[in-house]
**Q** 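This is the structure I want to talk about, given as structure tokens.
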Amino acid sequence: MIGYFGPAGTFTHQALLTLTDAESTPLATVARVLDAVRAGEIESGLVPIENSVEGGVSATLDNLAAGTPLVIVAEVLLPVSFVLAVRPGTRAEDVKRILTHPHAYAQTRDWIDQNLPWATVTEGGSTAAAAAAVAEPDSTFDGAICARVAADLYGLDCLATDIADNPDAVTRFVLVRRPGELPAPTGADKTTLVAWMHTDHSGALLEILQQFAMRGVNLTRIESRPTKKAFGEYCFSIDAEGHIGEPRMRGTLKGLHRICRAVTFLGSYPRADKVRPKIARGFTDAEYAAAEGWIDDVLGRAPKER
Ligand SMILES: O=C(O)C(=O)Cc1ccccc1
């Protein structure tokens, strides 16, 4: 059973339908999805992690960083487009109170300011939960910013469609499981991790970045997040190109383990866009293997199984 950030009609639900038609169940918050996976109540869970306008989804990044480690086994990229959904009969001038998810508001803020300057916006739940709340006859909310499917599902009318400030917005979702066998390397993979650095010396972040740079490993996302343990203390949430099964990435992870206070490995999995990294001279698997072979020769030992 796959859990997803619900209820039915969320963008996460749509992302899930592009991935599989396996049996699924909605859960009301990102934390509930991740905790249900940890508890073994569901096999895997799909949650939003990043979008092209707002950046990282803090609820997901922080829960993955701090909770019992889970691993990402797949990612989905979904173009998102928003509608303003209302109970049938509601006119634009009647839309005084809007309910939506914080990331949906962040992506439609200018449109709301320009078109409904009298409206106040409340952030909470998911976009589909907002649509369901607006559909209640005695709802205190007049409109929801959500996906068109959510408006249809909860019997609402669309007062406006395609209201995103940035029409090309894309959201990335990840499917997580309890740690176990990892997806095999495909040559177009990503690795996600959290680096908890020592804070007692200068240059600690530079040392972390060096571990990637010196092995030709490109980053696709890096964000500092508060550790929530002490004011001013941060960890780094990182996505990098490559798979832990590849020597460049293994070396990077080993290097990070040596220099960091802790490293939380959050998975190596195929990239949704299937983009293969450009591997610079000196960093290919064959060159790593040749270097190991050379050491074996120098030490006069039989080549190891690699
Ligand atoms: O609330 C939803 O529908 C979600 O799945 C989270 C979300 C919100 C806004 C853009 C993309 C994903």
Side-chain angles (χ1 to χ4, degrees), residues 2-20 24-37 42 44-64 72 74-86 98-112 121-136 139 141 143-156 158 160-176 221 223 237 239 272-273:
I2 306 179
Y4 67 89
F5 177 45
T10 57
F11 290 103
T12 314
H13 188 203
Q14 292 178 59
L16 180 64
L17 296 175
T18 70
L19 193 64
T20 172
S24 64
T25 184
L27 291 156
T29 64
V30 165
R32 277 190 214 164
V33 174
L34 299 178
D35 285 344
V37 179
I42 49 179
S44 55
L46 191 73
V47 289
I49 192 166
E50 180 184 8
N51 79 62
S52 58
V53 176
E54 262 295 278
V57 179
S58 313
T60 302
L61 294 175
D62 292 355
N63 189 307
L64 286 175
I72 300 170
E75 68 171 10
V76 183
L77 294 175
L78 186 80
V80 285
S81 101
F82 302 96
V83 302
L84 172 63
V86 296
I98 296 174
L99 180 63
T100 194
H101 181 276
H103 278 236
Y105 179 39
Q107 295 182 57
T108 53
R109 195 172 276 143
D110 293 347
W111 186 91
I112 295 171
V121 179
T122 303
E123 301 179 343
S126 64
T127 55
V134 169
E136 294 292 328
S139 178
F141 296 100
I145 307 286
C146 59
R148 181 187 272 278
V149 290
D152 294 346
L153 203 57
Y154 298 100
L156 299 176
C158 295
T161 57
D162 289 325
I163 63 171
D165 300 329
N166 175 343
D168 302 322
V170 171
T171 297
R172 176 177 163 231
F173 301 83
V174 289
L175 185 71
V176 300
R221 182 184 61 86
E223 283 170 84
S237 174
D239 291 335
D273 60 12

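All of these numbers come straight from a predicted model, not from anything done at the bench. Note that ligands are numbered from 1 as they come in the structure, with each ligand's atoms numbered from 1 the same way.
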**Q** With a cut-off of 4.0 Å, which atoms of ligand 1 are near a heavy atom of Phe5?
**A**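 In order of numbering, the contacting atoms are 1 (O), 4 (C), 5 (O), 6 (C).
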**Q** Please round to the nearest 0.5 Å and tell me the distance separating atom CD1 of Ile145 and atom CD1 of Ile98.
**A**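 So the gap between those two atoms works out to 5.0 Å.
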**Q** Are any non-hydrogen side-chain atoms of Ile42 and Ile2 less than 4.5 angstrom apart?
**A**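 No, side chains not in contact.
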**Q** Report the relative orientation of the aromatic rings in Phe82 and Phe11; use parallel for angles under 30°, tilted for 30 to 60°, perpendicular for over 60°.
**A**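 Answer is perpendicular, since the angle exceeds 60°.
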**Q** Name the closest protein heavy atom to atom 1 (O) of ligand 1, giving the residue it belongs to and the distance to 0.1 Å.
**A**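 In this structure, atom 1 (O) of ligand 1 has Thr127 N, 2.8 Å as its nearest protein heavy atom.
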**Q** Should one rank Ala15, Pro48, Ala104 by closest heavy-atom distance to atom 9 (C) of ligand 1, which comes out on top?
**A**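 Among Ala15, Pro48, Ala104, the closest heavy atom to atom 9 (C) of ligand 1 belongs to Ala104.
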**Q** Going through the distances and angles, do Gln14 and Thr18 end up as a side chain to side chain contact (heavy atoms under 4.5 Å, CB included)?
**A** CA-CA 7 Å; Gln14 292 178 59; Thr18 70; 5.9 Å; no
**Q** Identify the protein heavy atom lying closest to atom 8 (C) of ligand 1, giving its residue, its atom name and the separation to 0.1 Å.
**A**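 Ranked first by proximity to atom 8 (C) of ligand 1 is His101 ND1, 3.5 Å.
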**Q** Given side chain to side chain contact (heavy atoms under 4.5 Å, CB included), test Ser44 with Val176 step by step and report yes or no.
**A** CA-CA 5 Å; Ser44 55; Val176 300; over 6 Å; no
**Q** Is it the side chain (CB and beyond), the backbone, both or neither of Thr10 that lies under 4.0 Å from ligand 1, heavy atoms counted?
**A**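 Near ligand 1, Thr10 shows its backbone as well as its side chain.
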**Q** Quick one: side-chain hydrogen bond (donor to acceptor under 3.5 Å, both in side chains) partners of Glu50, sequence neighbours excluded?
**A**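 By the side-chain hydrogen bond (donor to acceptor under 3.5 Å, both in side chains) rule, Glu50 matches Arg172.
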**Q** Out of Phe11, Phe82, Tyr105, who is nearest to atom 7 (C) of ligand 1 when you count heavy atoms only?
**A**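 When every heavy atom of Phe11, Phe82, Tyr105 is considered, Phe11 comes closest to atom 7 (C) of ligand 1.
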**Q** For atom 5 (O) of ligand 1, what is the nearest protein heavy atom, given as residue, atom name and distance?
**A**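 The protein heavy atom lying closest is Thr12 OG1, 2.6 Å.
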**Q** Report the nearest protein non-hydrogen atom to atom 11 (C) of ligand 1: residue, atom name, distance rounded to 0.1 Å.
**A**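 That would be Thr171 OG1, 3.4 Å.
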